[in-house]
Each structure stands twice: as structure tokens, then as C-alpha cells.
Amino acid sequence: MPIRAPTERKSAHRALRAARGGQKERKSRGGAFDDSANLRRAVAVAGLLIFLSIFGLALVRMHEVAVASADEDRPLHRFSGPDIRVMSQVMEEAPLTAAVKASPRPPPASPPPSPDAAAKVQKLRKPASSAAAGSLVGSDSPKHAAELVDQAIDKTPASSKSLRGSSKGGSGKAGANMTRLQERRSATSTFISLHKGDVLPVGTDLVTLVVIAHDKADCLKKCLTSLAESRDEDKKAFKFAVSLDHPPAFSNLEAVAESFKSSLPGLEVWKKTEQSHMNAAVVKISEHFRFALTETFERRENEFAIFLETDLVVAPDFLWYFRASAWLLRMDPTLYCISAWNDNGNKDLVFNDKRIFRTDYFPGLGWMIERKTWFELKPQWPAFPSTGWDHWLRHGGILEDRGCISPEVPRTHHFDEHGTNVKKKSSLAKTLANMALSKLQPESLGDLSYLMQEEYESALQEKAKAATLIQVADIPQTQAATTYLVPYSREEYTKMAKSLKIVPGQPRTHYHGVVETRHPTTLAWLILADRRMSGFILPPSEVWRPSLQRLVGPARPNESCEDFCTRSGQRCVAKELAFINQCNFLRTHFSCEAGCGQNLGADLPCYVTSSKRDTSRQCLTTDAAPTCSGKHPDTQRLCACVP
């Protein structure tokens, strides 16, 4: 006899009692009644009720299994764990904005926040301090004035509006489905569940710091010594590994690593024995990072990982910095990395150890990513990154909708002058020697929620609105304790950057074209805004837009854009070429079989047609301002023409 659930048995008993009660009532009225027939009828009704109940439960269970199976196969994009639900509760306005740069991918959406969540966000925001603002006037010391400007900037209220425009998507069924999906995943996931403001917990055993070492035992010792001096509580939150790729140096480097196993508990040594078929240094370095990423995220299945080269020493709060900021990678899908480095972190320009900022330019030199980010990068990792794997990551268009977090005052310092890219007494070596290193102690950063995309952009918009608008030529006349908004073009950036003592080759540290720095003499705060990219904070009259009559197309091999435009009955204007100096434009017109990267040359942006080149079948962009006259026999240019 089948065993029925209690609810099913109760339903059957009620049906039988009802049937028997009706039988007695009708008998008392003297009506003819067939006991056996009606009893069979009552039993049949009860059985039908039981069958329908079981069938309904079976359908519900089948649906749940089907949904769970489909969810397991569906990519989660930037989200993992239950954090999309939490993110919707801490952001005042749920929709995420679209990137300024052209991109085929739409921005992800999230559910609308609850009223309680909005109230929580308001508590996090600090009102502007009139006392701090008023004290800016008449400050005697430029550095003191700069500190007061920092205080005023930090206390600027954030607007609830997004800068670069967003649609209020994500509410309703889609947002609710994603929330349920994340909750189901979290029930079985071994991953850390991080929420707003959380730090990486001690003893997770899912986070590894990997030191990338080649052949210098002295550099490895110096790097590991600085890590070993970190706070014990922070060291317990990580596993440590040294990754080696040069067999002749294995024994020496292993001996160094062995001496640190007591101060860096559980320190492992990984060995890359398979050697690259190319001898170029950029290839060997790239392959070593590929090996370390694979070992970390695939073989050992770590959830997060930090990568640190042996020519770096770290700040006292280096490990805490990553512990305190890792939650941002979980909750903001527009971020993919946390970096300890600031390319413009000159000792004379950076003072605020607590200020952290967003950047679209991959900083490197001590950086953290999540496991899922590696699986986005892996299929397109370049066989020959002509100017380095890090340049490919910055310019390859793989993660172009997303950015990184960097500190104003760096948490790493480069010390070696005998490397592949840094030579003794070179200008680069001198620049790196003059970089600051933070002395801030752990647990001093405070609330980092201002780095969430909408919060950050709103605050940036408020700063730009309050700033004094000037032109590049007016920068020498800036005054202390004042904030300036300075529109610039890519064509004039190099000269301007040299005068400001920041990296001149390209707008490093920029966020959608915005570079924030101090004047090297007056320490006035400068918001440098690219006329092509930063329209979300510039007055409309200061923005450059592409011509509506523009013709974009591929030239023939060894044909300049001047010749291409003439052949098309139009003319080449160099100003238009900078708009198409992007991987997404190149992929529209060329196959880019070997990926998209960055290089130097007058014929860029282009596609490499020659099979004899190391960059064969790659699309290439440039950091320089493109020209109309450049051409090369081995490439096809991408051109922009106007009538």
C-alpha cells in the first residue's frame, strides 16, 4: 500500500466523512440510497484528490530541476554569489550606466533598491563642509591648501543621477529572476559571499598571492621580505606562492622561498618547465603570466588572486588594501581589477593616502582579479603581445567596458634597475625611483562605497560643476587651493603632461578620458577632461564629436588615409582618426584573427596583412595621435574621411 503524505491522508479522510455524512442524512429523509455504490464514488473522489495533489507536486519539482539545470549552464557575466541582490539594496539608483566608449555590449541591469536601502546610502554620504571650503581662501602653504582641497572634494555630496546616461532597466521579472539565480547559486557555492564593505576573511583558503619570479634571487628576497613584514592577521587571509619560469635559476630561487616559509605560512613554489618557442622577452613574460593565471584559477581553483613581480616592495597596508576592496569586484560589474599602483604617483603630486580612484587604464604592478575574469581573458590571450601582455590588456578591447581601482599614493614601489624594460639611469628608472610609497597602516581606508560606479560618477560630476573652467594654455596661471576643469585633446596631451610631471606618452590613470592630478607648483587640483571622451562632465561647447558625414573604411595595403580619402572623393582630417582608434572599430572592418593590440607607428590604426610579421593578422591601435599620411606595405589602415 502506498504511503501518503499527512496532507493527502487528511484530504481522503475528509472526503470519506463527507460521503458518509451525506449518506446518513439522505437515509434519515427516507430517500433510496445504494450504500456500496456511493461508497465507491466517495473513494474515487478521494483518490482523484490524492492523485491531483501528487501530480501537482511532481510538476513543481520538475520545473525547479529544469530551472536549476538551465541556471547552471547560463553565464553569470560579472556576478557570482548572492551579491547582485545586495548591490541593488546599497545603490541609490539601481541601473548601471553605459560606458562612454562605443561598445556592442549593453550595460547589465539590476533590480531597483528598496526604500530602506536608499536610506542606508544617504547615511553613508557626508554633507559638504562649509568650514573646510571656507578655509581654502588665503591658505599660506600650497601643500596645506592642497590638503584642504582634498577635504572639500571628499565631502562633495554625490548626486543620485548617473553621469553618462542610463535606462531604468532591471526592475520586475528580469531583476527578480537574477536575484533568485544568485541565491540558488549561493546555496551550493564554495565561494566567499562578499557584501558591501566586507573584507576578505581570514582562513578562506581561496585567495592566493602569486610572486612572479624569473632569475633574480636578490630581488625575490627583497620582495618576500616586504610581504613578510605585513600584519599577521592580513597574512592569514592569503595563501602565498612563488612562480618560476627559468629552470637554470630554480634551485637558487627555491632556496630563497624556503627561507620564508615560517614568516609566510604555506608558501609554495610553482615551476613552469615548458619553454616558449619564441625568444622575445615580451613573449616569455606573457607566457609566464599565462602559466601563473592557469595554475591559480584552473588547477587550484582560487576565487581571487593577486599578482606581484619580484622587483616590487609593498606598503604596510598592501594586503589590507586588497582585503578591504575585494567586495567591489563582486558588487560592481563595471570593475575587473584592483591595483596597488598609480602611474602618476609622483612624490611631489600625491599626498592623500586614503584617496582611491577608478581608472580605465590597467595599472598593473600588484593587481587582483577574480577567477571568472581569467576565463574571459584566456581564449584571447595573445601569442605575441608586441608591446607586452599588459599593453594588450589595456588596448585589446577585451574588457573595455570595465575598469580598475587604484590608490592615489601607490602601495607598491619598483626598485630594480636591471630589468627587461627598466635600465639603470634611464628616464623610466628615474621616474620610478621618484614614485611615492604609502605609509598608511591597515584598517585606515574607511568606507569605500564611493567607488561604486554611480556614486563615483555623481561625485565627479559635482566636482566638475564646481570647478573653474580654463583652457590648457591657462594652466600656468592656476592658483593654490582651487579646482580647475581643463578640456584637452589627445593631440596636445603629451606636451601638457610633461609640464605637469605626469606620464606624457598617454593619459594613464584616466577614467573615460578624465585624469585628476595636482599642479606641480601651486598644487591646484586639475580635472583634465578629454574633449572626445569626457562629454559627461564637460560643457557642450567644449566637446568634440565625430562628423555626421564621416566615411569610415579600410585602405589598401601600403595606402595612406590621404590617398584612400582622395580615391573616395573625400578628404582625410586627422582629428577624425582619433575617434576610430579603437579595437571595436577595427573589428568592424577587419577579421583581426590574432586579436587586437597596441603598437607604435604612423600607419596605425591598422590591420597587419603580412604573414612574415610577428603581429600578423592582428589589429593594432596606437597611443599617439593618428596622422593621415602614414602607410606601410605590411598593413591596411583604417581611415575616416569627410566631404
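FYI, the numbering just counts along the sequence from 1. Keep in mind that this is a model prediction, so the values were computed, not measured.
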Can you say whether the rings of Trp381 and Trp389 are parallel (under 30°), tilted (30 to 60°) or perpendicular (over 60°)? parallel
Glu287 bridged to Lys284 by N-O distance under 4.0 Å: no
Do the side chains of Arg394 and Asp390 get close enough for a salt bridge, i.e. N-O under 4.0 angstrom? yes
Measuring only between side-chain heavy atoms, which start at C-beta, is Gln506 closer than 4.5 Å to Tyr361? yes
Taking CD in Glu492 as the centre, count heavy atoms belonging to other residues, nucleotides or ligands within less than 6.0 Å. Is the count above 12? yes
What one should report as the nearest heavy-atom pair of Leu586 and Cys596 is CD1-SG, 4.3 Å
Heavy-atom nearest pair, Phe585 first then His589, reads O-CD2, 3.3 Å
Atom CD of residue position Gln549 - does it have more than 12 heavy atoms of other residues, nucleotides or ligands inside 6.0 Å? no
Any side-chain heavy atom of Glu516 sitting closer than 4.5 Å to one from Phe357? no
Can you check whether Gly364's main-chain N or O pairs, donor with acceptor, with Ser339's side chain at less than 3.5 Å? yes
Closest non-hydrogen atom pair, Val608 against Thr615: CB-O, 3.4 Å
Could you check whether the rings of Tyr493 and Tyr488 sit parallel, tilted or perpendicular, using 30° and 60° as the cut-offs? tilted
To check you understand the geometry: which heavy-atom pair defines the closest contact between Ala340 and Leu365, and what is its length? CB-O, 4.2 Å
Lys/Arg N to Asp/Glu carboxylate O, Arg532 vs Glu491, below 4.0 Å: yes
Partner of Asp332 under salt bridge (Lys or Arg N to Asp or Glu O under 4.0 Å), chosen from Arg358, Lys196, Arg402: Arg358
Do Asn344 and Thr517 pass the side chain to side chain donor-acceptor pair (under 3.5 Å) test, and can you show the C-alpha distance, the side-chain angles, and the key distance before you say yes or no? CA-CA 8 Å; Asn344 292 329; Thr517 187; 5.9 Å; no
